[in-house]
Amino acid sequence: MRTHYCGTLQASHLGETVTLFGWVDRRRDHGGVIFIDLRDRTGVVQIVSDPERTPVSYPQADPLRNEYVVKVQGRVSQRPEASLNPKLPTGEVEIYADTIELLNAVRKPLPFQVSTADVEPVREDLRLRYRYLDLRRERMAHNMQIRHGVIKAMRRFLEDDEGFVEVETPVLTRSTPEGARDYLVPSRVNPGEFYALPQSPQLFKQLLMVSGLDRYYQIARCFRDEDLRADRQPEFTQLDMEMSFMDQDEILALNEALVAHIFQTVQGRDIPQPFPRLTYAEAMDRYGTDKPDTRYGLELVDVSDLVQDCGFKVFSGAVAAGGIVKVLPIPGGNEQISNVRIKPGGDLFKIAAAAGAKGLAYIRVRAEGAIDTIGAIKDNLAPDQMQELLSRTGATEGTLLLFGAGPTDIVNATLDRVRQAIAKEMDLIPADQLNLLWVTDFPMFEWNEDEQRLEALHHPFTAPHPDDMDDLGTARAVAYDLVLNGYEIGGGSLRIYQPEVQQRVFDTIGLSTAEAQDKFGFLLEAFEYGTPPHGGIAYGLDRLVMLMAGEESIRDAIAFPKTQQARCLLTQAPSSVDEAQLKELSVASTYDPEADE
RNA sequence: GGGCCUGUAGUUCAAUUGGUUAGAGCACCGCCCUGUCACGGCGGAAGUUGCGGGUUCGAAUCCCGUCAGGCCCGCCA
């Protein structure tokens, strides 16, 4: 049947008789000669038909329309000099069609034009409803190809080079405390009881280490019933890995080689190794976030010590209350950013307010180091303090200094968001750059204000740093995140493998012994039978593919994604079910469409 | 749970800011065209302006509600 894919034909095939299958991407009828761009997943090639050279196919080409499925038999020919198309990979050749067979027509109006959707974007709800058409587009087909390439590269590297074994873990598993909301599945056989879909294979992969699997990986589907974002879907795919008898440096080095291999095989891009590392503390200090985008500068500068005794109460008061004062210096910001935008009602003010800040103080640096700011700041900073401020922030003429003052987490969140907004606006982000970095030494726990308790920042099986065992409450974890251009694309840790340490962690997060036994008894018990030191990592595959494809939405890296309301517009899931189905499952819905809440 | 944005022909957009019969490109239909490649030319058909209500002499435009999609906050160990 088929001898070649459309997009692969080139001068080396000249003279060959080929059989092609594909879709009509476009048809150009010149009255005496008809051109058809024939498309398959590899690309497009031009089919030519005219009454003299291809008398049989000419009438067959006449009724063809966009997206018809056809079979073409013809000869690969050199295009005339004047008709070469350097924009097409196949632009040196064209196919003289001996015969064209219509295999299937389009019987309804197309919801959108496949051939031009790459240049004239289509509403996303339409794309999702007719996803099978959307996936015909070159851009989406390309993204799916990247995704496949990434998975393939992962498998080759891990299996062939590093001796990893792929193991599938259950999708019907049990609900565990901590973490995201679970998707639940009622058990028919066990009325009143529920499975949960896994948020990750975390516990199983640790058990596999107890089993001696030594090096495990899985392309694993994970489920979290939380609200969606441009980079978050309720079901998503992880590259999940776990290995025994390796320390952090060995694990990071292996993963650097893996990531470099992926970029090299899929895109031919060299990633320098080792990747830069930042501790969590450094990242928060310099960028205000644990996943900094380091493709541009705009680093934060802590000036708490400088202003703690000054007369400007917003600054000194923040420090006195245990908070901090930090500066975001913006070279050229005077020109770019007006006062109106910083003051109440302005867009930058709103960004700051949304992060919890009361406002943004500012200083504009003019010629000769002159200062332009509100009186309350000007009058309360001594000349030498001002000088020190300028020197620490590297401010020169034209620099705008934006201040965050208050509780540490609010200041960091505020300046992080403002930093990102400004980098985007001032076009400071080099589009083709890949900045991979490790963030290490995360704290074990963070305070949950709502529940008035510590909770695990990573997850409760993360090993505390050996130097910090005396006080777990403030301990660092042996945990690491891989950050790419401001996105967390992977994260992992060394795990606890001694039951007594695990018990101490459960104690710290306020998980009672009884509850720990109930929820994780099987894990604790397994740890009694000879558990190797182990650790691992999991990558957000969809997010990685999104970034590699240059997309801004995770949906463009997933074949059949869900909308922000977690709906599938193609299948109309979720849907109501028969009463009989519910009854069989011993489940009743409490949903009341009439109720106000 | 909350904030912001969007919804007009199959589709992508427009409609002088409340005023005549809601327009244009592509797609579709018909005619013409032998070197185009987002081909071109002439003509045609195509509209519940998401849906419901209200204000007004008059609503795509203003108001209220509702549905759908997007971005964000909260949430996401």
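Below, chains carry the letters A, B, ... as their sequence lines are ordered, and counting in each starts from 1.
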Item to check | Donor/acceptor link under 3.5 angstrom from A:Gln564 side chain onto base of B:C71 | outcome: yes
Next on the checklist: Measure CD1/A:Ile36 against P/B:A38 and give the value in whole Å, please.
Outcome noted: 16 Å
Checklist entry - P atom, B:A9 versus B:A24: distance in rounded Å? => result 15 Å
Item to check | Side-chain donor/acceptor of A:Arg79 to base of B:C37, under 3.5 Å | outcome: yes
Item to check | P atoms of B:G65 and B:C71, separation to the nearest Å | outcome: 24 Å
Checklist entry - B:U34, B:G30, B:U12: which one has an atom nearest the side-chain heavy atoms of A:Arg123? => result B:U12
Next on the checklist: Just to verify, which of A:Arg127, A:Gln233, A:Met546 counts as forming a side-chain contact (heavy atoms from CB on, under 4.5 Å) with A:Arg555?
Outcome noted: A:Gln233
Next on the checklist: With the stacking rule set at 5.5 Å and 30°, tell me whether A:Phe35 counts as stacking on B:U36.
Outcome noted: yes
Next on the checklist: Regarding A:Gln46, tell me which of base, sugar-phosphate or nothing describes its non-hydrogen contacts under 4.0 Å with the strands shown.
Outcome noted: base
Checklist outcome for this item: If pairing means Watson-Crick or G-U wobble with both distances under 3.5 Å, then the partner of B:U8 is none
Checklist entry - Considering only side-chain heavy atoms of A:Glu120, which listed nucleotide, B:G25, B:C73, B:U36, is closest? => result B:G25
Item to check | Any-strand Watson-Crick or G-U partner of B:C33, both distances under 3.5 Å | outcome: none
Item to check | Inter-nucleotide P distance (B:C37, B:C26), Å rounded | outcome: 14 Å
Checklist entry - Under 3.5 Å, is there a donor-acceptor pair between the side chain of A:Arg27 and the main chain of A:Ile34? => result no
Item to check | Side chain A:Glu94 and base B:G35 donor-acceptor under 3.5 Å | outcome: yes
Checklist entry - Checking all strands, does A:Tyr96 fall into the base, sugar-phosphate, or nothing category for heavy-atom contacts under 4.0 angstrom? => result base
Item to check | Any side-chain donor near an acceptor of the partner, A:Ser49 and A:Ser57, under 3.5 Å | outcome: yes
Checklist entry - What form does the base of B:U17 take, syn (within 90° of 0) or anti? => result syn
Item to check | A:Gln503 atom CD, over 12 foreign heavy atoms within 6.0 Å | outcome: yes
Checklist entry - Between A:Tyr130 (OH) and B:A27 (P), how many Å, whole number? => result 20 Å
Checklist entry - Taking all non-hydrogen atoms of both residues, which atom of A:Ala516 and which atom of A:Phe506 are closest, and how far apart? => result CB-CD1, 3.5 Å
Checklist entry - When the C1' atoms of B:G40 and B:C4 are considered, how many whole Å apart are they? => result 44 Å
Checklist entry - Looking at B:G74, does its base get a donor-acceptor pair with the side chain of A:Asp227 below 3.5 Å? => result yes
Next on the checklist: Give me the distance, rounded to whole Å, that separates B:A59 from B:C63 when you measure between the C1' atoms they each carry.
Outcome noted: 11 Å
Checklist entry - For the side chain of A:Arg232 and the base of B:C76, is some donor closer than 3.5 Å to an acceptor across the two? => result yes
Next on the checklist: Could you tell me the Watson-Crick or G-U partner of B:A60, where both distances fall under 3.5 Å? Say none if there is no partner.
Outcome noted: none
Checklist entry - Donor-acceptor pair under 3.5 Å: do we get one between A:Arg53's side chain and the base of B:G35? => result yes
Next on the checklist: Without decimals, in angstroms, what is the distance between A:Gln565 CD and B:G70 P?
Outcome noted: 8 Å
Checklist entry - Under the salt bridge (Lys or Arg N to Asp or Glu O under 4.0 Å) criterion, do A:Asp556 and A:Arg139 qualify, and how do the steps go? => result CA-CA 9 Å; A:Asp556 289 324; A:Arg139 177 178 133 200; 3.1 Å; yes
Item to check | Interatomic distance where CD belongs to A:Glu551 and C1' belongs to B:G70 [whole Å] | outcome: 15 Å
Next on the checklist: So if I take every side-chain heavy atom of A:Arg229 and compare against B:C33, B:C73, B:U36, which nucleotide ends up nearest?
Outcome noted: B:C73
Checklist entry - Which whole number of Å gives the distance between the C1' atom of B:G23 and that of B:G30? => result 23 Å
Checklist entry - Distance between the C1' atoms of B:U49 and B:C67, in whole angstroms? => result 16 Å
Next on the checklist: Using only modelled atom types and a 3.5 angstrom limit, is any donor from either the side chain of A:Arg555 or the base of B:G69 paired with an acceptor on the other?
Outcome noted: no
Item to check | Whole-Å C1' distance, B:U6 and B:C13 | outcome: 13 Å
Next on the checklist: Once you apply a heavy-atom cut-off of 4.0 Å, does A:Ser200 come out as touching a base, just sugar-phosphate, or nothing?
Outcome noted: base
Item to check | Polar side-chain contact A:Asp37-B:C37 base: donor and acceptor under 3.5 Å | outcome: no
Next on the checklist: Can you tell whether the side chains of A:Arg26 and A:Asp37 come within less than 4.0 Å, N to carboxylate O?
Outcome noted: no
Checklist entry - The side chain of A:Val122 lies closest to which of these nucleotides: B:C33, B:U36, B:U11? => result B:U11
